[in-house]
Amino acid sequence: MKKLFDCKSCNPNDTYGLQEVDAYGIGCKCEDFIIGAPPQAQEVQPGMEYAMNPNPIFDHPNYIGSGKLKDKVAIVTGGDSGIGRAVSVAFAKEGAKVIIVYFDEHMDAEYTRQYIEQLGGICHLISGDLKHPDLCKNVVNQVVSTYGKIDILVNNAGVQFQQVKLEDISNEQFDFTLKSNIYSMFYLTKYALPYMKNGSIINTTSITTFVGEPELIDYVTSKGAIVGFTRSLATSLATKGIRVNAVAPGVFWTPLQPACWQANKIPTLGSDSDMKRMAQPYEIASTYVYLASDDASYTTGQVIHVNGGQYKG
């Protein structure tokens, strides 16, 4: 990571677009922070990790598993890349059999599978569109036919689109975002529950639900729904041995970032956190391990915040 100048006086040689003033009067970010990546953008959702510069850091080399998830069967949606990849790798290190469900990011998914297998873990890939209930039912059927159970369900897949104001969000985009981020979670959880006798459901929400993000209104709406879904489902299942929790990441360097934001916003991501930087996916993976393991046996209905101090939850 490169540290930006302490911008008490603007740097005329800045090449990161940080001094541009747009039509809304938003311009120079005049404070000291850490640049995690140069400007870049992708034209696909939810983005490709192999195309990012630099590539995200998804595995902490000093993290040694201790069998916390030994013989557990875990489904991780969006596990091909980003936070999902980091979680899948950490789960495999802890002894879980990992089933990654992803859309069409085949290169990223195959890399993740091979990485896990090189660690001595077990990883299966299922590709498809989780907006469709039949695909969600098929995922559950494949897992149960192979392993006979589901111990852990991580609902992590999602999309986000930058739009300056509400009027810019088309009806089609709003529908697509809600179906991708919350309908898919409802479908997959509904079909998985009959095969979860004791276990853990972990849903990925977002810091944006708690602080608001004016250029991600439909995304924030979907992530707020995830918080409500998590809390209600936790109460519903509390006496059945199934814990339901959520994780609210701050700004992490994942494919969603270049796939969503204008290129010149990338260097400033995370600059408004106390730590003045965005995070790497490995920095949140152990939170999911905790919630998936018996260490969290008395934890349900909670939202755990990992955001570098940007929001104190």
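Keep in mind that this is a model prediction, so the values were computed, not measured.
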No-hydrogen, no-angle side-chain donor-acceptor test under 3.5 Å, Asp274 and Gln310 =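 Their side chains do not contain a donor-acceptor pair, so the 3.5 Å distance test is not met.
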Taking the six-membered ring for Trp and the full ring for Phe, Tyr or His, determine whether the centres of Tyr147 and His124 are under 6.0 Å apart.
->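 Yes; His124 has its ring centre under 6.0 Å from that of Tyr147.
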Check: His132 ring centroid to Tyr187 ring centroid under 6.0 Å |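 No; Tyr187 has its ring centre 6.0 Å or more from that of His132.
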Short question: side chain of [X], backbone of [Y] - any donor-acceptor pair under 3.5 Å?
| X | Y | answer |
| --- | --- | --- |
| Asn245 | Gly301 | yes |
| Asn55 | Met52 | yes |
| Glu94 | Gly67 | yes |
| Thr189 | Phe186 | no |
| Ser222 | Tyr219 | yes |

[X] side chain near [Y] side chain, heavy-atom distance below 4.5 Å:
| X | Y | answer |
| --- | --- | --- |
| Phe58 | Thr112 | no |
| Glu49 | Thr254 | no |
| Leu269 | Phe252 | no |
| Met185 | Asn181 | no |
| Trp261 | Leu216 | yes |

Neighbour count above 12 (heavy atom, 6.0 Å) for Ile64 CD1 =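 At most 12 heavy atoms, drawn from other residues, nucleotides or ligands, come within 6.0 Å of this atom.
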With a cut-off of 6.0 Å (strictly less than), are more than 12 heavy atoms of other residues, nucleotides or ligands near NZ of Lys179?
->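 It does not: Lys179 NZ has 12 such atoms or fewer within range.
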Closest heavy-atom pair and its distance - [X], [Y]:
| X | Y | result |
| --- | --- | --- |
| Thr300 | Ala234 | OG1-CB, 3.5 Å |
| Val251 | Gly270 | CG1-N, 3.8 Å |
| Val247 | Thr287 | CG2-CG2, 4.1 Å |

Charged N-O contact under 4.0 Å between [X] and [Y]:
| X | Y | result |
| --- | --- | --- |
| Arg113 | Asp80 | no |
| Asp295 | Lys68 | yes |
| Asp71 | Lys97 | yes |

Hey, what else clusters with Ile57 if you join Ile, Leu, Val, Met, Phe, Trp, Tyr whenever side-chain heavy atoms sit under 4.5 Å?
->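 Hydrophobic cluster check, Ile57: joined to Tyr282.
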Among Gln163, Gln262, Gln160, Gln162, side chain to side chain donor-acceptor pair (under 3.5 Å) partner for Glu215 =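 For Glu215, the side chain to side chain donor-acceptor pair (under 3.5 Å) test succeeds with only one of Gln163, Gln262, Gln160, Gln162, which is Gln162.
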Please name the residue in the list Thr209, Thr205, Ile226 that meets the side chain to side chain contact (heavy atoms under 4.5 Å, CB included) test with Val303.
->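 In the set Thr209, Thr205, Ile226, the residue that makes a side chain to side chain contact (heavy atoms under 4.5 Å, CB included) with Val303 is Thr205.
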Option among Ile99, Val98, Val144 that satisfies the side chain to side chain contact (heavy atoms under 4.5 Å, CB included) test with Val73 |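 Going through Ile99, Val98, Val144 one by one, the side chain to side chain contact (heavy atoms under 4.5 Å, CB included) with Val73 is satisfied by Ile99 alone.
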If the plane angle is over 60° it's perpendicular, under 30° parallel, otherwise tilted; pick one for Phe161 and Phe176.
->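 Ring orientation of Phe161 relative to Phe176: perpendicular.
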Using the salt bridge (charged side-chain N to carboxylate O under 4.0 Å, His left out) rule, take Lys137 and Asp134 through it: C-alpha gap first, then chi angles, then the decisive distance, then the call.
-> CA-CA 5 Å; Lys137 185 182 292 185; Asp134 287 346; 5.1 Å; no
